[in-house]
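Accompanying notes for the structure given below.
If you're wondering where the values come from, they're calculated on a predicted model, not measured in any experiment.
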Amino acid sequence: MNINILQNGDLLFMSDESDLSKAIIETTEKYSHVGIYFDGMLYHASRKCGVAKQKLEEYLAEEKREVFIYRYPQIDAGIVRERAESYLGFEYNHSFYPDNGKFYCSQYIAEILPIFDNVPMKFGDGEKEISDYWKKYYEELGVPVPVGQPGTNPGQLAKSGKLKFIGKLDY
């Protein structure tokens with residue numbers, strides 16, 4: 001599917017080849033990032049920019065990503081866009097802890113489109129409750145791993161029965 005099929009309010013779920021992406025997918029499945037589309041722009045929370053909007057084509061040109069389109073049929077795109085705009089400039093939530101005034105990608109989406117449940121966060125790799133990647137990540141942050149804290153992740157959002165899978169974006 002090409003970019004012209006996108007509608008305002010479509011959720012774009014992605015994965016890439018970064019170590020962080022692989023660690024997220026290892027603990028949550030399939031997707032490591034999510035953003036929302038409005039008029040050629042991707043609204044999302046990223047480690048590099050915090051909560052930002054950027055031209056979708058520029059974002060996609062930064063690195064190779066697989067992108068999958070999901071749609072919430074009952075969305076009021078105008079209201080959700082206003083909410084998305086109201087958080088622009090907020091810092092990225094590197095710790096993934098809830099309620100600290102910062103946002104990671106799926107936390108931002110769940111805030112502006114409040115149809116998703118929180119789930120206990122996991123940081124395991126199938127063998128260990130906390131993978132080596134996450135142990136090192138949180139050691140460098142100097143905070144405990146938030147295992148069991150309420151949160152969201154891209155894979156969990158994508159599995160919501162409230163969303164309709166549209167297809168893979170070809171670009």
Aromatic centroids of Phe68 and Phe13 separated by under 6.0 Å: no

Does one hydrophobic cluster hold both Val119 and Phe96, with members joined at side-chain heavy-atom distances below 4.5 Å? no

Value rounded to 0.5 Å, distance of OG in Ser106 from CZ in Phe116: 9.5 Å

Using a 4.5 Å cut-off on heavy atoms from C-beta on, say whether the side chain of Lys122 contacts that of Val147. no

May I have the list of side-chain donor-acceptor pairs in residues 51-58 shorter than 3.5 Å, sequence neighbours left out?
unit_1, atom_1, unit_2, atom_2, d
Lys53, NZ, Glu85, OE2, 3.3
Gln54, OE1, His44, NE2, 2.8
Gln54, NE2, Glu62, OE2, 3.1

For Tyr37, enumerate each residue passing the ring pair (Phe, Tyr, Trp, His ring centres under 6.0 Å) test, keeping only those at least two apart in sequence or located in another chain. none

Does anything in residues 97-111 pair up under salt bridge (Lys or Arg N to Asp or Glu O under 4.0 Å), and if so which pairs, sequence neighbours excluded? Glu91-Lys102

Can you say whether the rings of Trp134 and Tyr138 are parallel (under 30°), tilted (30 to 60°) or perpendicular (over 60°)? tilted

Under the salt bridge (Lys or Arg N to Asp or Glu O under 4.0 Å) test, which residues partner Asp132, sequence neighbours left out? Lys128

Looking at Met41, is its backbone amide N or carbonyl O close enough to the side chain of Tyr59 to form a donor-acceptor pair, meaning the two atoms are under 3.5 Å apart? no

Residue pairs fulfilling salt bridge (Lys or Arg N to Asp or Glu O under 4.0 Å) with at least one residue in residues 147-156, sequence neighbours excluded: none

Pairs involving residues 73-82, ordered by first then second residue, that meet salt bridge (Lys or Arg N to Asp or Glu O under 4.0 Å) (sequence neighbours left out): Asp39-Arg81

To the nearest 0.5 Å, what is the distance between CD1 on Ile36 and CD1 on Ile75? 4.5 Å

Exam field: side chain Gln156 to backbone Asp117, donor-acceptor pair closer than 3.5 Å: yes

Which residues share a salt bridge (Lys or Arg N to Asp or Glu O under 4.0 Å) with Glu127, sequence neighbours left out: none

For Lys136, which residues count as a side chain to side chain contact (heavy atoms under 4.5 Å, CB included) partner, sequence neighbours excluded? Glu140

Side chain to side chain donor-acceptor pair (under 3.5 Å) evaluation trace for Tyr104 with Arg47: CA-CA 8 Å; Tyr104 55 88; Arg47 291 174 13 159; over 6 Å; no

Residues in salt bridge (Lys or Arg N to Asp or Glu O under 4.0 Å) contact with Arg83, at least two apart in sequence or another chain: none

Looking only at atom types and distance, does a side-chain atom of Asn93 sit under 3.5 Å from a main-chain N or O of Tyr97, one as donor and one as acceptor? yes

Distance, nearest 0.5 Å, that separates CG of Asp10 from CG of Leu42: 11.5 Å

Sequence neighbours left out, what passes ring pair (Phe, Tyr, Trp, His ring centres under 6.0 Å) with Tyr72? Give chain and number order. none

Those residues at least two apart in sequence (or on a different chain) that pass ring pair (Phe, Tyr, Trp, His ring centres under 6.0 Å) with Phe38 are Tyr43

Any side-chain hydrogen bond (donor to acceptor under 3.5 Å, both in side chains) pairs touching residues 162-171, not counting sequence neighbours? Glu66-Lys168

State, without any angle test, whether Tyr31 and Tyr70 hold a side-chain donor-acceptor pair at a distance under 3.5 Å. yes

Spell out, as yes or no, whether a donor-acceptor pair under 3.5 Å connects the side chain of Thr152 to the backbone of Asn118. no

